[in-house]
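Structure first, commentary second.
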Amino acid sequence: MAISTNLPVACKEFENYLNKLFNISDCDIRTIIKDFHSEMQKGLSGYESSLKMIPAFVDRPKGNEKGKFIALDLGGTNFRVLEVELDGKGNSSVLAVSKFVIKKKDMQGTGDQLFDFIADSIKSFMQENSISCDKQIELAFTFSFPVEQTNIAAGTLIVWTKGFTAKGVVGEDIVIVLNEALKRKGISNVKVAALANDTVGTLVAKSYNVPSCDIGVILGTGSNACYPEKMSNITKWRGVRKKDNMIINMEWGNFDKLPITTYDKEIDKASPNTGRQRLEKLVSGMYLGEILRQVISDLIQRDLIFKDYGTNVFHKPYGLLTEHMSLIEGDNSDNLGEIENFLVENGIANINLHSKVLLKKLCHLVSARSARISATAISAIITWMDPELKKNHTVGIDGSLFEKYPGFKGIMEEVFEELFKDKAKKITLELAKDGSGKGAAIIAAVAASSEK
Ligand code: BGC
């Protein structure tokens, strides 16, 4: 339903300006794809690049992997421990799962503090689910940060992202850090069989039963993607070339050739990882609410919105969440009642219709830019693998932004239509729930069977 309201001229002008500022045009899309390809090339050859293109030491599974595994999933404020069973016929089931909330003091304290918390959580999971402390059990660790893998079960943390800063972990082998914490807590029967990024887990889990899946993407708190690359294209690879393909964790969140606004610059400057994760800061769920908050603060200062509520409204950094934006953009009622309730909860009562409409439009500017950039980056991977789009490509995507944000998937699909016309039909975006748990277990199974 289209709601028409008469906006004041100054406001209308500013809105037009913002429309242009946040628009990712057809021309931008083509430039981004070109730059993406060039950064991919550099990353695969071992040259300095904003795309790290990290070999994941694993290819897509065959679907016959079998066994029971414990999987750990660390990548945001929730840490999960799962018990996963693979039946060898392409089916995986989660037998048990526990979620533990990581406190800010553990995310931003010392590495020992963070990993002690992880080991304690594993211990209580094992106790609750009567998992024996005597029999050896294989563990798969989804660690969703940039890690330079040196093996299927080893890799050093390059840098923290998503607000984590735990000291003394960057440059260390994550599996060793975990093993030391397990030892401190007296857990001696757990063997880390695989270390994986969440994108790799997502791709592996989806392609376990959908063979056409050749891209794994996360659109959640953070953002990233992976795809299988021909070994012959990974020219920086110095190891043995046992297989034809290997999955590459691109770390696309760090791609930095994008049109940036002053709001984005402010967010980057105030973040603990200034100059890094530039794509992530435009696209992922951790930042969208903050971008919107910056825009609203600007409008407040220009006296164009919430006039009677002063500059205190939405003053807290990161106080506006992407979930709030979902709620605002999802309100399709005539009087925008949900938006009204949200504003009242935030101390803004009796607001006129045009402010509510404006708020909804602002959310759309920020979320549509994110969806268009995400689809552009996916298009870059597809055209890299298959320039003429001869094959079908299923993209397995996990993350609440993709799963829950109203209209997000539709905007991504529009980009494919703009770029590929009829051939856009060859691209399917599919939700890949829980890839980071199940996928890691499958990787552990692949690793275990290749060891045998
Ligand atoms: C990390 C990636 C991860 C992504 C999604 C990013 O911040 O650097 O390794 O895959 O978040 O969780």
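The chain is numbered in sequence order, starting from 1. Indexing begins at 1, ligand by ligand and atom by atom, following the structure's order.
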**OP:** Take the angle between the ring planes of F117 and F100 and call it parallel below 30°, perpendicular above 60°, tilted in between.
**Re:** perpendicular
Original post:
Among K52, K162, K281, whose heavy atom sits nearest atom 11 (O) of ligand 1?
Top reply: K162
**OP:** Compute the shortest N/O to N/O distance between N249 and ligand 1 and return yes if it is under 3.5 Å, no if not.
**Re:** no
Original post:
Against heavy atoms of N197, which atoms of ligand 1 measure under 4.0 Å?
Top reply: 2 (C), 3 (C), 9 (O), 10 (O)
**OP:** Establish, from distance only, whether the side-chain atoms of S92 and E85 form a donor-acceptor pair under 3.5 Å.
**Re:** no
Original post:
Is it the case that K162 places NZ or CZ above or below the six-membered ring of F145, under 6.0 angstrom from the centre and within 45 degrees of the axis?
Top reply: yes
**OP:** Check each of C226, G253, G222, S144 against atom 1 (C) of ligand 1 and report the one with the nearest heavy atom.
**Re:** S144
Subject >> S223 to ligand 1, any heavy atom closer than 4.0 Å >> reply: yes
**OP:** Identify, for atom 6 (C) of ligand 1, the protein heavy atom at the shortest distance, and state residue, atom and that distance.
**Re:** E280 OE1, 3.0 Å
Original post:
Just by distance, with hydrogens left out, do Q277 and T161 show a side-chain donor and acceptor under 3.5 Å apart?
Top reply: no
Original post:
Tell me, which protein residue and heavy-atom name are nearest atom 10 (O) of ligand 1, and how many Å apart are they?
Top reply: D198 OD1, 2.6 Å
Subject >> Exam field: side chain N129 to backbone F125, donor-acceptor pair closer than 3.5 Å >> reply: yes
Original post:
Could a heavy atom of P146 be found less than 4.0 Å from some atom of ligand 1?
Top reply: yes
Subject >> Nearest neighbour in protein (non-hydrogen) for atom 8 (O) of ligand 1 >> reply: E251 OE1, 2.7 Å
Original post:
Which atoms from ligand 1 have a heavy atom of T161 less than 4.0 Å away?
Top reply: 1 (C), 6 (C), 7 (O), 8 (O)
Original post:
For the side chain of D264 and the backbone of T261, is there at least one donor-acceptor N/O pair under 3.5 Å apart?
Top reply: yes
**OP:** May I ask you to decide if the ring planes of Y263 and F22 are parallel, tilted or perpendicular, using 30° and 60° as cut-offs?
**Re:** parallel
